[in-house]
Amino acid sequence: MNIFFRIFDKIGRMGMLDWMPDKQYLSVMYRGLMGKKLNVIKPATFNEKIQWLKLHDRKPEYTTMVDKYTVKKYVEQILGGASTLFQHLVFGMNLMILISLHYQIALC
């Protein structure tokens, strides 16, 4: 990592680059970490596809899913108030497993 990237990363983590467009910020961070230009027009690698998702897949549920207290309420709402079922599940599980479990229960 070069010194420019280290400074850029530090300033970005402090929130001083919030004014910068997301695409430009991700491009600089990607080049600094991966050593090559980010291609979000035709993403080929897994990392490029993740960056594309960061830019284009903005669902309001994601802000709920990253908070462990609100995700518990969210999952209980999806499961229909089955809090006993939720208490038996491991809390650190992937939320997609919980959602797929909900759909399996709904289909039965």
Side-chain angles (χ1 to χ4, degrees):
M1 286 196 284
N2 61 22
I3 191 73
F4 170 75
F5 174 71
R6 285 183 171 174
I7 293 170
F8 188 85
D9 184 40
K10 184 74 167 176
I11 292 172
R13 290 179 191 267
M14 292 170 51
M16 300 173 95
L17 297 175
D18 291 344
W19 56 269
M20 184 181 279
D22 292 339
K23 185 176 180 180
Q24 186 179 4
Y25 178 78
L26 286 175
S27 295
V28 173
M29 292 298 292
Y30 188 85
R31 184 178 287 264
L33 287 171
M34 306 302 281
K36 63 180 185 172
K37 186 178 176 183
L38 176 63
N39 183 6
V40 290
I41 296 170
K42 284 188 173 181
T45 66
F46 178 74
N47 288 323
E48 288 175 340
K49 291 177 183 181
I50 294 295
Q51 304 311 313
W52 185 90
L53 283 173
K54 285 182 187 179
L55 293 172
H56 296 95
D57 189 18
R58 305 235 176 165
K59 295 180 183 173
E61 297 92 27
Y62 293 158
T63 56
T64 304
M65 292 179 192
V66 296
D67 184 11
K68 66 181 180 180
Y69 297 111
T70 56
V71 77
K72 182 176 179 180
K73 294 176 187 175
Y74 178 74
V75 171
E76 286 178 353
Q77 181 183 10
I78 288 175
L79 293 178
S83 60
T84 56
L85 176 64
F86 181 73
Q87 289 172 356
H88 292 292
L89 295 172
V90 178
F91 187 75
M93 285 179 101
N94 187 345
L95 186 61
M96 295 308 294
I97 294 172
L98 296 175
I99 292 172
S100 66
L101 175 66
H102 163 66
Y103 287 119
Q104 289 175 359
I105 291 172
L107 292 175
C108 293

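- Taking CG of Asn39 as the reference point, atom CG of Asn47 lies at 13.0 Å (rounded to 0.5 Å).
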Under 3.5 Å, which donor-acceptor pairs do the side chains of residues 17-26 form with other protein atoms, sequence neighbours left out?
unit_1: Trp19; atom_1: NE1; unit_2: Met16; atom_2: O; d: 3.0
unit_1: Asp22; atom_1: OD2; unit_2: Arg58; atom_2: NH1; d: 3.3
unit_1: Asp22; atom_1: OD2; unit_2: Arg58; atom_2: NH2; d: 2.6

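- Sorted by first and then second residue, the ring-ring contact (aromatic ring centres under 6.0 Å, His included) pairs with a member in residues 26-65 read Trp52-His56; sequence neighbours excluded.
- Residues passing the side chain to side chain donor-acceptor pair (under 3.5 Å) test with Glu48: none are found, sequence neighbours excluded.
- Checking side-chain atoms of Thr70 against main-chain N and O of Thr64 turns up a donor-acceptor pair under 3.5 Å.
- There is no path of hydrophobic side-chain contacts, each under 4.5 Å, that joins Tyr69 to Val66.
- Residue pairs that meet the salt bridge (Lys or Arg N to Asp or Glu O under 4.0 Å) test with at least one member in residues 25-40, sequence neighbours left out, do not exist here.
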Would you tabulate the side-chain donor-acceptor contacts of residues 8-15 under 3.5 Å, counting partners in other chains and residues two or more places apart, or write 'none'?
unit_1: Asp9; atom_1: OD1; unit_2: Arg13; atom_2: NE; d: 3.1
unit_1: Asp9; atom_1: OD2; unit_2: Arg13; atom_2: NE; d: 3.2

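- Cluster membership check: Ile41 does not share its hydrophobic cluster with Leu55, using side-chain heavy-atom separations under 4.5 Å among Ile, Leu, Val, Met, Phe, Trp and Tyr.
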